[in-house]
Chemist: 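I'd like to ask some things about the structure below.
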2 protein chains.
Amino acid sequence: MEKQTVTIYDVAREAGVSMATVSRVVNGNTNVKPSTREKVMKVIEALDYRPNAVARGLASKRTTTVGVIIPDITNLFFSSLAQGIDDIAKMYKYNIILTNAEEGQEENALSSVLARQVDGIVYMGHSLPENIRKELKRSRIPVVLAAMNDSKEEFSSVNIDYETAIYEVTQRLIKSGRQHVAFVAQEDYLGDNQPSRLNGYKRAIKVSDLPVEEDLIFGLNQGKYKNAYDFAEKLKNSRADAAVIINDEIAAGILNYLQDEGVNVPEDFSLVSSNDSAVVEMVRPRLTSICPPLYDIGAVAMRILTKMMDKDDDDEIDKVVTLPYKISERQSTRDI
Amino acid sequence: MEKQTVTIYDVAREAGVSMATVSRVVNGNTNVKPSTREKVMKVIEALDYRPNAVARGLASKRTTTVGVIIPDITNLFFSSLAQGIDDIAKMYKYNIILTNAEEGQEENALSSVLARQVDGIVYMGHSLPENIRKELKRSRIPVVLAAMNDSKEEFSSVNIDYETAIYEVTQRLIKSGRQHVAFVAQEDYLGDNQPSRLNGYKRAIKVSDLPVEEDLIFGLNQGKYKNAYDFAEKLKNSRADAAVIINDEIAAGILNYLQDEGVNVPEDFSLVSSNDSAVVEMVRPRLTSICPPLYDIGAVAMRILTKMMDKDDDDEIDKVVTLPYKISERQSTRDI
DNA sequence: CTGTTAGCGCCTTCAT
DNA sequence: ATGAAGGCGCTAACAG
């Protein structure tokens with residue numbers, strides 16, 4: 001079962017140079033006479049030599065690999081981020097070890113990634129549990145959070161201003177005449193870890209001199225369409241006449257349920273979603289949505305990480321970046 | 001910037017044993033006296049020692065890492081497969097290096113994964129270009145194809161019987177009275193690499209004594225919703241009164257375009273999609289679809305790979321497995 | 001510009 | 001049941 005056979009040593013021998021020289025040409029070190037460089041290149045070609053990244057990683061203490069933790073790869077929100085991450089990683093010649101970390105599995109995912117001696121980590125999640133925060137710090141490698149805030153500001157992160165975005169759409173819903181705007185999110189967004197969205201919602205309610213109705217704040221344990229469709233009955237039976245929803249699949253599920261039950265959207269009920277994934281265009285009426293630049297968030301996160309991995313001092317690096325967002329008004333709202 | 005500090009050597013010294021012994025307990029080797037095992041464990045705990053997977057990989061020639069090539073991580077079809085792969089990989093303690101390989105980037109993706117000395121590869125794609133096939137063989141490591149056929153049967157693969165599935169839905173469409181069933185797929189499925197779906201379509205047409213109309217076979221260069229929505233005008237202007245579509249997002253785009261243009265589905269036009277992702281339930285009318293067990297395909301693929309990586313002889317291993325599929329009749333077809 | 005020499009952290013015979 | 005010793009393939013000073 002021997003796989004890789006030709007090593008740097010074989011190339012050296014065949015080319016009549018030392019392995020150091022081969023190493024130099026492979027790594028693009030300039031201190032090599034053009035003629036010998038060429039000679040070595042030829043041998044590399046002939047032998048079809050491919051450097052062993054594992055050995056290289058051990059010797060150099062750099063694996064040019066970054067770990068990416070993703071809560072759900074089948075969620076368009078996260079996979080869009082991942083695509084941005086991946087593209088930039090490629091651009092800078094980093095490989096990605098991507099692990100799907102389901103709820104509660106984050107720590108395992110993280111430590112197995114850390115064991116692989118990754119040079120940095122991009123962490124995505126609904127929240128940042130204390131144990132993860134600790135592991136992340138302990139690792140002493142660069143970390144950037146994508147599409148999540150770090151309330152303690154210990155880590156770099158890239159986001160849109162979720163609080164303001166939610167504030168804004170909630171406000172607009174109220175101004176359009178809605179009296180009972182509900183807030184629907186996965187449970188994680190209701191806790192202390194990622195308070196920004198909920199805060200934005202509450203602030204908008206308060207500023208309009210409306211009461212924050214706690215029974216109009218709903219937490220789902222999953223972000224899946226069917227789950228949301230089943231949940232929607234509760235929303236229908238509540239006083240709500242509008243909802244701000246944190247996840248497109250949930251929004252789609254709610255929208256379809258309401259309509260299947262004879263509720264007119266947007267006449268009787270307004271819906272605003274948050275991610276502007278393809279889903280918002282697929283349903284009818286199309287969903288009004290906040291539009292975070294998902295791909296860019298991932299891309300910028302990775303870009304920052306590359307900077308951190310290159311330099312030793314993180315000082316001149318933007319630690320916390322906030323990207324602009326838009327709001328697309330579509331047919332699930334009226335006059336907002 | 002030193003990160004990992006405590007090595008197996010530190011543990012050995014601290015525990016008063018040799019590093020060989022520490023290695024044994026870390027690797028679960030049975031030949032260790034329980035008392036010393038415990039002593040070592042304690043030190044490991046105390047020092048918070050974590051084995052360096054890179055060093056381990058170099059020394060043992062096994063990285064317990066598998067490379068996964070995915071054409072588009074934001075495509076629900078592939079990300080569902082990936083989830084199955086990832087779950088099983090975790091179960092068998094393998095890590096995954098996942099690389100998004102856009103059209104034409106497959107070879108780079110593959111070779112960077114290979115350089116990482118992965119123990120095996122799961123390859124997903126729309127097709128299997130010759131250069132990739134060559135690279136894959138050259139690597140001499142276990143490979144399994146997920147959700148794609150290998151016409152030359154050189155590699156293991158797990159699939160449903162796409163040809164029969166497409167044959168069946170096409171047949172049913174015809175029996176329901178449709179005279180001009182179109183076939184819509186990404187271009188890759190129109191070539192020689194993955195002929196099964198198109199073959200199933202053509203066979204069904206022929207067996208019904210209908211002519212295969214080449215201008216009713218459409219190839220898109222992308223599988224995205226908007227792309228499909230824009231394309232759909234062509235379909236509408238053709239003779240087609242039904243379509244078998246290879247990708248749910250494309251199907252959704254076509255469905256919405258047709259309806260936005262006043263075509264009644266399913267009265268005037270029938271649509272069948274192929275992947276049964278969440279999308280088919282989100283649109284109205286819901287899409288009739290072939291239901292391949294995507295998660296399972298990924299899971300089985302990974303399971304086979306683990307077997308291949310464990311044994312040296314692949315002989316007793318199922319090389320080509322075909323999983324059963326279903327067909328869900330929903331509202332985009334009538335009486336099929 | 002090029003070669004020599006140490007390791008990187010761990011696994012793995014081979015002895016004991 | 002345990003220890004000693006030799007690499008795995010490559011990088012990184014350090015000489016020259």
Side-chain angles (χ1 to χ4, degrees), chain A residues 1-41 43-44 47-65 93 114-119, chain B residues 1-41 43-44 47-65 93 112 114-119 141:
Chain A
M1 203 63 158
E2 13 64 79
K3 19 192 185 185
Q4 170 102 16
T5 359
V6 17
T7 78
I8 199 173
Y9 183 75
D10 300 321
V11 177
R13 189 172 23 69
E14 202 71 15
V17 298
S18 75
M19 39 187 297
T21 301
V22 178
S23 175
R24 287 190 186 98
V25 349
V26 167
N27 292 298
N29 188 313
T30 47
N31 284 20
V32 184
K33 201 202 304 178
S35 68
T36 67
R37 168 186 303 282
E38 221 168 310
K39 184 173 55 180
V40 172
M41 293 284 248
V43 177
I44 288 179
L47 268 50
D48 198 14
Y49 163 72
R50 324 276 186 104
N52 178 326
V54 173
R56 202 195 292 231
L58 184 60
S60 69
K61 307 256 200 186
R62 290 191 71 236
T63 55
T64 56
T65 300
K93 310 278 187 207
L114 255 16
R116 247 84 200 183
Q117 312 301 114
V118 293
D119 295 337
Chain B
M1 202 64 157
E2 14 63 81
K3 20 191 184 185
Q4 169 104 16
T5 358
V6 17
T7 77
I8 200 172
Y9 184 76
D10 299 321
V11 177
R13 189 172 24 69
E14 202 71 17
V17 298
S18 74
M19 40 185 298
T21 301
V22 178
S23 175
R24 287 190 187 97
V25 349
V26 167
N27 291 298
N29 189 312
T30 47
N31 284 21
V32 184
K33 203 202 302 175
S35 68
T36 68
R37 168 186 302 281
E38 221 169 309
K39 184 173 56 180
V40 172
M41 293 284 247
V43 177
I44 288 178
L47 267 50
D48 198 14
Y49 164 71
R50 323 276 186 104
N52 179 327
V54 174
R56 201 193 288 230
L58 184 58
S60 69
K61 305 255 198 187
R62 290 192 71 235
T63 55
T64 56
T65 300
K93 311 279 187 205
S112 89
L114 254 18
R116 249 84 199 182
Q117 311 301 114
V118 294
D119 295 337
I141 61 176

Chemist: Give a yes or no on whether the backbone of B:Asn29 and the side-chain of B:Asn27 come within a donor-acceptor separation of less than 3.5 Å.
Modeler: no

Chemist: Between A:Thr36 and C:dT2, does any side-chain N or O lie under 4.0 Å from OP1 or OP2?
Modeler: yes

Chemist: How do B:Ala55 and B:Lys33 order along DNA chain D: which one's closest nucleotide is nearer the 5' end?
Modeler: B:Lys33

Chemist: From CD of A:Glu38 over to C1' of C:dT2, roughly how many Å is that when rounded to an integer?
Modeler: 18 Å

Chemist: Go through D:dG9, C:dG9, D:dT2 for me and flag the one nearest to the A:Lys61 side chain.
Modeler: C:dG9

Chemist: Taking side chain to side chain contact (heavy atoms under 4.5 Å, CB included) as the criterion, tell me which of A:Val11, A:Val32, A:Val22 meets it with A:Val17.
Modeler: A:Val22

Chemist: Identify which one of A:Thr64, A:Thr63, A:Asn52 satisfies the side-chain hydrogen bond (donor to acceptor under 3.5 Å, both in side chains) criterion when paired with B:Arg116.
Modeler: A:Thr64

Chemist: Please determine if a side-chain N or O atom of A:Thr21 lies less than 4.0 Å away from the OP1 or OP2 oxygen of C:dG3.
Modeler: yes

Chemist: Return the nearest nucleotide to the side chain of A:Val17; candidates are C:dT12, C:dG3, D:dG9.
Modeler: C:dG3

Chemist: At under 4.0 Å, does any side-chain N or O of A:Arg56 touch on OP1 or OP2 of D:dT11?
Modeler: yes

Chemist: Could you state the atom-to-atom distance from CG of A:Asp10 to C1' of D:dC8 in whole Å?
Modeler: 13 Å

Chemist: If I take atom OH in residue A:Tyr9 and atom P in nucleotide C:dG3, what distance separates them, rounded to the nearest angstrom?
Modeler: 13 Å

Chemist: Whole-Å distance between C:dG7 P and A:Ile8 CD1?
Modeler: 19 Å

Chemist: Among the candidates C:dC11, D:dT2, C:dT4, find the nucleotide nearest to the side-chain atoms of A:Ser18.
Modeler: C:dT4

Chemist: Within less than 4.0 Å of OP1 or OP2 of D:dC10, is there a side-chain N or O belonging to A:Tyr49?
Modeler: yes

Chemist: NZ of B:Lys39 versus C1' of D:dA1: gap in Å, rounded?
Modeler: 12 Å

Chemist: Considering only side-chain heavy atoms of A:Ser60, which listed nucleotide, C:dT12, D:dT11, D:dG9, is closest?
Modeler: D:dT11

Chemist: Starting at CZ of B:Arg116 and ending at P of D:dC10, how long is that distance when rounded to a whole Å?
Modeler: 14 Å

Chemist: How many Å lie between CE on A:Met19 and P on C:dA6, as a whole number?
Modeler: 14 Å

Chemist: Choosing from D:dA4, C:dG9, C:dC10, which nucleotide comes nearest the side chain of B:Ala20?
Modeler: D:dA4

Chemist: Side chain of B:Asn52, heavy atoms from C-beta onward: which of D:dA1, D:dT11, C:dC10 has the nearest atom to it?
Modeler: C:dC10

Chemist: How far does CE of A:Met19 sit from CZ of A:Arg13, to the nearest 0.5 angstrom?
Modeler: 12.0 Å

Chemist: Any idea which of D:dT11, D:dT2, C:dC8 is nearest the B:Asn31 side chain?
Modeler: D:dT2

Chemist: Separation of B:Arg13 atom CZ from D:dA4 atom C1', in whole Å?
Modeler: 18 Å

Chemist: Identify which nucleotide among C:dC11, C:dT12, C:dG9 has an atom closest to any side-chain atom of B:Asn27, counting heavy atoms from C-beta outward.
Modeler: C:dC11

Chemist: Could you state the interatomic distance from CG (B:Leu47) to CD1 (B:Ile8), rounded to the nearest 0.5 Å?
Modeler: 12.5 Å

Chemist: Name the closest nucleotide to the B:Leu58 side chain, picking from C:dC10, D:dC10, D:dC8.
Modeler: D:dC8

Chemist: Would the base of D:dG3 count as contacting B:Arg24 through its side chain, where contact means a donor and an acceptor less than 3.5 Å apart?
Modeler: yes

Chemist: Would a distance-only check, ignoring hydrogens and angles, find a side-chain to backbone donor-acceptor pair under 3.5 Å from A:Arg37 to A:Arg24?
Modeler: no

